[in-house]
Amino acid sequence: VSNFSIQPYKVYYDIDMKTGARTLKKGNYSEFMQLLAEAEEEERNAPVGTGKLTKEEIRDLAEKYDPQNMSQEGYERFIAYLVEKNVLSKKETYDIGLSCVTIRPGCYIKGGFAPNLPANAMSIRTLKDAGGDAIYWAKLMAQWCNRNSWSDRIKYDALQKVSDILLEMD
């Protein structure tokens with residue numbers, strides 16, 4: 001009789017986001033899954049932005065940005081301003097068109113059907129693909145969301161907030 005037990009391990013890469021260096025690691029699978037579950041629960045319970053912009057703030061944004069001709073850098077500054085004003089929370093910005101996408105804990109790629117969109121809209125994935133028209137792009141991306149999924153619901157609501165502000169600016 002042996003006291004030897006085999007622990008299931010998960011092999012993964014740890015990526016240093018500053019340098020891009022990857023290090024192969026292995027960890028206890030059960031501990032890994034527990035951390036993943038905790039991160040997902042924390043993400044589900046994180047608050048969303050509740051701030052509102054004043055008419056003056058919207059006018060100031062309209063002077064800085066053209067919603068129908070916005071660069072990626074301009075869009076990112078615009079979103080950062082909305083986070084600063086608590087209109088959007090950090091968790092709402094994970095996948096709404098920033099140049100760096102953060103995978104939301106608990107959200108994994110899953111198949112689905114494309115929305116009923118015109119053929120020319122099916123290939124649009126970035127603001128650049130939309131010709132810099134942030135209003136059109138935000139509305140289009142919102143149509144791709146599955147509102148029955150909690151993660152897509154966050155994305156949809158965030159895109160609606162962005163779209164509403166862009167329309168007020170226009």
Side-chain angles (χ1 to χ4, degrees), residues 13 15 17-18 20 36-170:
Y13 280 104
I15 302 173
M17 299 308 281
K18 290 182 181 168
L36 198 59
E38 289 169 7
E40 182 177 346
E41 187 62 26
E42 185 178 311
E43 181 64 25
R44 283 182 194 256
N45 294 326
V48 296
T50 56
K52 302 284 183 207
L53 296 180
T54 65
K55 296 283 185 197
E56 184 178 328
E57 288 170 322
I58 290 172
R59 270 192 308 274
D60 290 344
L61 285 171
E63 288 176 14
K64 281 185 181 177
Y65 306 106
D66 177 358
Q68 294 184 29
N69 187 20
M70 197 177 281
S71 69
Q72 183 65 41
E73 295 79 22
Y75 179 76
E76 293 194 20
R77 286 191 305 271
F78 169 72
I79 295 298
Y81 180 81
L82 297 182
V83 171
E84 179 185 312
K85 293 294 185 177
N86 193 35
V87 173
L88 295 174
S89 68
K90 184 170 173 58
K91 93 174 192 177
E92 291 173 288
T93 66
Y94 285 176
D95 49 3
I96 63 168
L98 302 181
S99 59
C100 178
V101 174
T102 304
I103 304 300
R104 189 182 310 282
C107 300
Y108 310 101
I109 297 188
K110 46 195 176 289
F113 294 102
N116 187 15
L117 298 172
N120 64 340
M122 295 300 284
S123 63
I124 295 176
R125 296 288 183 267
T126 66
L127 181 58
K128 185 177 180 181
D129 293 342
D133 188 338
I135 297 170
Y136 175 66
W137 181 85
K139 288 184 170 295
L140 188 61
M141 291 301 102
Q143 289 181 49
W144 280 96
C145 294
N146 170 4
R147 284 168 261 161
N148 293 323
S149 154
W150 70 269
S151 62
D152 271 5
R153 186 71 212 185
I154 293 167
K155 179 178 180 177
Y156 176 82
D157 290 345
L159 286 165
Q160 288 299 111
K161 288 181 195 180
V162 168
S163 179
D164 289 347
I165 292 168
L166 290 167
L167 283 169
E168 284 187 65
M169 289 166 52
D170 197 29

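A donor and an acceptor atom, one from each side chain of E92 and S89, are located under 3.5 Å apart.
Applying the side-chain contact (heavy atoms from CB on, under 4.5 Å) criterion to D157, with sequence neighbours excluded, gives R153. A search for salt bridge (charged side-chain N to carboxylate O under 4.0 Å, His left out) contacts involving K139 returns nothing, not counting sequence neighbours. Remark: S71 engages E73 in a side-chain contact (heavy atoms from CB on, under 4.5 Å) (not counting sequence neighbours). Not counting sequence neighbours, the partners of D170 by the side-chain contact (heavy atoms from CB on, under 4.5 Å) test are P67, Q68, I135. Residues passing the side-chain hydrogen bond (donor to acceptor under 3.5 Å, both in side chains) test with D129, sequence neighbours excluded: T126. T54 pairs by the side-chain contact (heavy atoms from CB on, under 4.5 Å) definition with E56, E57, not counting sequence neighbours.
From T93, atom OG1 reaches atom NZ of K90 across 5.5 Å, with rounding to the nearest 0.5 Å. Between atom CG of residue L88 and atom CD1 of residue I165 there is a gap of 6.5 Å, rounded to the nearest 0.5 Å. L61 CG to D66 CG: the interatomic distance, rounded to the nearest 0.5 Å, is 12.5 Å. Of the inter-residue distances, the one linking F78 atom CZ with Y81 atom OH reads 10.0 Å to the nearest 0.5 angstrom.
Residues Q72 and L127 come closest through the heavy atom pair OE1-CB, 3.9 Å. Considering all non-hydrogen atoms of both residues, Y65 and G74 come closest at CE2-O, 3.4 Å. K52 and V87 get closest at one heavy-atom pair: N-CG2, 4.3 Å. In plain terms, the two heavy atoms of L159 and A138 that are nearest each other are CB-O, 4.0 Å. Contact between A130 and W137 at its shortest, heavy atoms only, is CB-CB, 3.8 Å.
Looking only at side-chain heavy atoms (C-beta outward), L53 and L82 come within less than 4.5 Å of each other. L166 is not listed as a side-chain neighbour of Y136, based on a closest heavy-atom distance of 4.5 Å or more.
Looking at K91, its side chain never comes within 3.5 Å of a backbone N or O of I154 through a donor-acceptor pair.
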